[in-house]
Amino acid sequence: MKTYEMIYVLDASLADEAKAAFASKFEEIIVSKNGKVVSVDKWGVKKLAYPINYKTDGDYTVITFEADGAAVKEIERISDLSVEVLRRIITVKA
């Protein structure tokens with residue numbers, strides 16, 4: 001298993017419960033694919049460099065996890081289907 005780092009940006013106008021639900025959804029995907037969540041770092045609401053879907057603020061979160069490729073593919077699929085996720089990037093942590 002490799003160590004990955006995912007940074008995702010949610011719509012800042014979402015309720016706190018909805019933001020927490022996304023974090024737990026991603027964690028559940030990782031654990032269900034035999035992965036392990038190392039850390040979750042919430043950066044909070046920050047100004048975007050440029051508007052995304054007419055939004056100027058985003059809620060940033062960083063998740064570090066250990067998993068295989070199946071978990072990464074599932075996270076990418078779920079985040080691509082969710083309109084609340086403005087952007088996300090998953091990188092292999094060296």
Side-chain angles (χ1 to χ4, degrees):
M1 284 196 293
K2 294 182 181 178
T3 303
Y4 294 93
E5 188 172 71
M6 176 174 83
I7 301 173
Y8 65 93
V9 182
L10 294 175
D11 183 359
S13 64
L14 288 175
D16 290 338
E17 296 82 22
K19 293 175 187 176
F22 269 99
S24 64
K25 182 189 297 188
F26 291 138
E27 290 174 20
E28 288 172 9
I29 292 170
I30 294 164
V31 172
S32 70
K33 301 289 185 181
N34 297 323
K36 175 184 159 191
V37 176
V38 176
S39 68
V40 177
D41 187 16
K42 298 181 181 188
W43 290 356
V45 176
K46 302 213 181 279
K47 194 103 171 130
L48 298 173
Y50 54 88
I52 302 172
N53 297 336
Y54 304 104
K55 310 287 183 189
T56 57
D57 294 325
D59 189 2
Y60 288 75
T61 304
V62 179
I63 299 177
T64 305
F65 61 96
E66 296 174 358
D68 57 1
V72 174
K73 291 291 183 193
E74 183 65 14
I75 290 172
E76 288 175 342
R77 187 183 75 80
I78 295 295
S79 62
D80 287 345
L81 292 174
S82 304
V83 296
E84 296 88 355
V85 178
L86 300 178
R87 290 284 188 269
R88 62 115 179 98
I89 186 168
I90 301 174
T91 57
V92 177
K93 194 168 181 183

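Because only heavy atoms are used, hydrogens play no part in the values below, and waters and symmetry mates are left out as well, while side chains stay in. The shown structure was predicted, so the numbers you read here are calculated from the model rather than taken from an experiment.
- Counting heavy atoms from C-beta on, the side chains of L10 and V85 come closer than 4.5 Å.
- In this structure, NZ in K36 is found 9.0 Å from OG1 in T3, a value given to the nearest 0.5 Å.
- For the pair M6/I75, a side-chain contact is recorded, criterion being any heavy-atom separation below 4.5 Å from C-beta on.
- V38 and I63 sit in two unconnected hydrophobic clusters of ILVMFWY residues. Membership requires side-chain heavy atoms under 4.5 Å apart, directly or through other members.
- Counting only heavy atoms from C-beta outward, the side chains of K2 and D68 never approach each other to under 4.5 Å.
- With a 4.5 Å cut-off on side-chain heavy atoms, Y4 and T91 do not count as touching.
- With rounding to the nearest 0.5 Å, the separation of OG in S82 from CZ in R88 is 10.5 Å.
- For the pair V62/E5, a side-chain contact is recorded, criterion being any heavy-atom separation below 4.5 Å from C-beta on.
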What donor-acceptor contacts under 3.5 angstrom involve side-chain atoms of residues 13-27, with partners at least two apart or in another chain?
from: S13; atom 1: OG; to: D11; atom 2: OD1; distance (Å): 3.1
from: S13; atom 1: OG; to: D11; atom 2: OD2; distance (Å): 3.0
from: K19; atom 1: NZ; to: A12; atom 2: O; distance (Å): 3.4
from: K19; atom 1: NZ; to: D59; atom 2: OD2; distance (Å): 3.4
from: S24; atom 1: OG; to: A20; atom 2: O; distance (Å): 3.3
from: S24; atom 1: OG; to: A21; atom 2: O; distance (Å): 2.9

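- Other residues, nucleotides and ligands contribute more than 12 heavy atoms inside 6.0 Å of the CG atom of D80.
- The distance from atom CE of M1 to atom NZ of K33, rounded to the nearest 0.5 Å, is 14.0 Å.
- V40 and I29 fall within a single hydrophobic cluster, where Ile, Leu, Val, Met, Phe, Trp and Tyr are joined by side-chain heavy atoms under 4.5 Å apart, directly or via other members.
- Between the CD1 atom in I78 and the CD atom in E28 there is a gap of 11.0 Å [rounded to 0.5 Å].
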Could you list the donor-acceptor pairs under 3.5 angstrom formed by side chains in residues 41-51, with sequence neighbours left out?
from: D41; atom 1: OD2; to: W43; atom 2: NE1; distance (Å): 3.0

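- Residues D57 and L86 share a closest heavy-atom pair of O-CD1, 4.3 Å.
- Using a 4.5 Å heavy-atom cutoff, the side chains of F65 and V72 are in contact.
- Taking hydrophobic clusters as Ile, Leu, Val, Met, Phe, Trp and Tyr residues chained together by side-chain heavy-atom distances below 4.5 Å, Y60 does not share a cluster with I90.
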